[in-house]
Number of protein chains: 2
Amino acid sequence: MPYPSQVNAETIVQAAASLIETHGADGVSLSAVGAALGVKAPSLYRYFDNKTALLRAVNQQTAARLTSALVEATEPEPDPAAKVMAMFRAYRAFAHAHPALYSLAYLSGSPELRVGEAVADQFGAAMQGVIAELVGAERALPVLRAVWALAHGFVALELAGLFERQGGAGLDAAYDEAVVLFVGGIRLG
Amino acid sequence: MPYPSQVNAETIVQAAASLIETHGADGVSLSAVGAALGVKAPSLYRYFDNKTALLRAVNQQTAARLTSALVEATEPEPDPAAKVMAMFRAYRAFAHAHPALYSLAYLSGSPELRVGEAVADQFGAAMQGVIAELVGAERALPVLRAVWALAHGFVALELAGLFERQGGAGLDAAYDEAVVLFVGGIRLG
DNA sequence: TCTATAAAACTAATGATATTAGTCTTTACT
DNA sequence: AGTAAAGACTAATATCATTAGTTTTATAGA
């Protein structure tokens, strides 16, 4: 292999993710990503067809990381209700820890940035198991959707600054309260 | 007034909104907006400081339209629970009717596109009244946040294509089911 | 009716960015 | 040592947003 590469797809994704976290998704140009790796922008095209493909790869990494975080958070909990509660909390904690990455992955309207089916399935499968323990396998899918909607909706509105009217103070409690209300509703069936 | 203007802020916003609905938010350049009005791109700067300001105005219009739709939908319903149910349905219906506009207004991470406080307050106030009828004024705010989170989360994930694994067939029912679960939870307190 | 004025739009220019084409450089194998 | 190809670079193009400066044109007043 003549001329061993100075970068690869993985290091590029890392550099891009890092830039997104620090400078926001808008401040990330291909030359900025290249500069972070000591390389010029056109060199990146050897590893990604275009900028969209790179960002999609970043989103895939984000989705995988979120899935891991949720799995790790639910694992130690003993009973199903506690697992679901832990899952909700871990979901929001992840979004708070990586707001720019979360926004890019889940708050962008553009279909081109969508993460592939494989990753989406991995996420769904992991969560569905936890839900199924609580409500049974046959009801797991609709309940999973509702759970995901509540968690995503809350953090999305929060990150978008649409809950800021009363200051961010009450939001931790508001989230927990919403989850409790909802899990209560789930139990009723 | 010499040289009466061919455009004004309102017609520009309309043209931009129309282009966004048909070509998506990405396909909207200032020259496209200008062309739709028989004017060149730089002329738009007389009415908006920059593209961001124009898009923010579009988002304000979207938020106002959504608020109207919700108010109109809840008004005819007699009892509080029916009002809340109607509100949920109208929220999703609006997002489906104007997916690109909804996405731009509520699915964009950029803080610069955020609608102003006035519009956000108008929205909040209208909804809070309906919620207060159901759960009382003191619990209205956290419950409103939860309601909004559920509705927004569901349509956001739906519009982002993240619920597409099983086809869009079951989504209407899944939404209604989630809402019913949640309203049930609310009633418990 | 003519003309000066100011609003409003235009053309031209700049800077950033994604992307493509074509050139050069470097390492591994002979 | 010499060569071939991987891999990176420079240069060029197109598209935008944005700014500066110029031109047009309807109206108010002479």
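In what follows, chains are A, B, ... by sequence order, proteins preceding strands, each numbered from 1. Note: hydrogens, waters and symmetry copies are ignored here, and every other heavy atom, side chains too, is used.
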- Message: In whole Å, I'd like the distance from the CG atom of Leu37(A) to the P atom of dA8(D).
- Response: 10 Å
- Item | Under 4.0 angstrom between Ser43(A) side-chain N/O and dG7(D) OP1 or OP2 | no
Sort me out a list of protein N/O and nucleotides 10-13 of chain D N/O pairs below 3.5 Å, or just none if empty.
none

- Backbone N or O of Pro99(A) within a donor-acceptor pair of the Ser103(A) side chain at under 3.5 Å? yes
- Among the candidates dA18(C), dA17(D), dA8(D), find the nucleotide nearest to the side-chain atoms of Ser29(A). dA18(C)
- Note on the structure: Those residues at least two apart in sequence (or on a different chain) that pass side chain to side chain donor-acceptor pair (under 3.5 Å) with Glu158(B) are Arg92(B), His96(B)
- Could you pull out all residues at least two apart from Arg89(A) that satisfy side chain to side chain donor-acceptor pair (under 3.5 Å)? Asp176(A)
- Task: Please check if the side chain of Tyr175(A) supplies one atom and the backbone of Gly170(A) the other of a donor-acceptor pair under 3.5 Å.
- Result: no
- Message: Please enumerate all residues that pass side chain to side chain donor-acceptor pair (under 3.5 Å) together with Tyr102(A), with sequence neighbours excluded.
- Response: Tyr91(A), His152(A)
- Message: Checking contacts here: which listed nucleotide (dT18(D), dA8(D), dA9(C)) is nearest the side-chain heavy atoms of Leu30(B)?
- Response: dT18(D)
- Is a side-chain N or O of Lys83(B) found less than 3.5 angstrom from the main chain of Glu77(B), in a donor-acceptor match? yes
- Check every strand shown and say whether Val33(B) touches a base, only sugar-phosphate, or nothing at a heavy-atom separation below 4.0 Å. nothing
- Message: For Asn8(B), is there any backbone N or O sitting under 3.5 Å from a side-chain donor or acceptor partner on Ser5(B)?
- Response: no
- Query: Is a donor on one side and an acceptor on the other found under 3.5 Å between the side chain of Arg56(B) and the backbone of Arg114(B)?
  - Reply: no
- Under 4.0 Å from any atom of DNA chain C, heavy atoms only: list the residues of residues 13-27 of chain A that qualify, in numerical order. none
- Quick one: does Thr74(A)'s side chain have a donor or acceptor within less than 3.5 Å of a partner on Val71(A)'s backbone? yes
- Is a side-chain N or O of Ser43(B) found less than 3.5 angstrom from the main chain of Val39(B), in a donor-acceptor match? no
- Scan residues 45-62 of chain B against DNA chain C and write down, sorted by residue number, each residue with any heavy atom closer than 4.0 Å; if none is found, say none. Arg46(B), Tyr47(B)
- Cationic tip of Arg145(B) within the cone over Phe154(A)'s six-membered ring, i.e. under 6.0 Å and within 45° of the normal? no
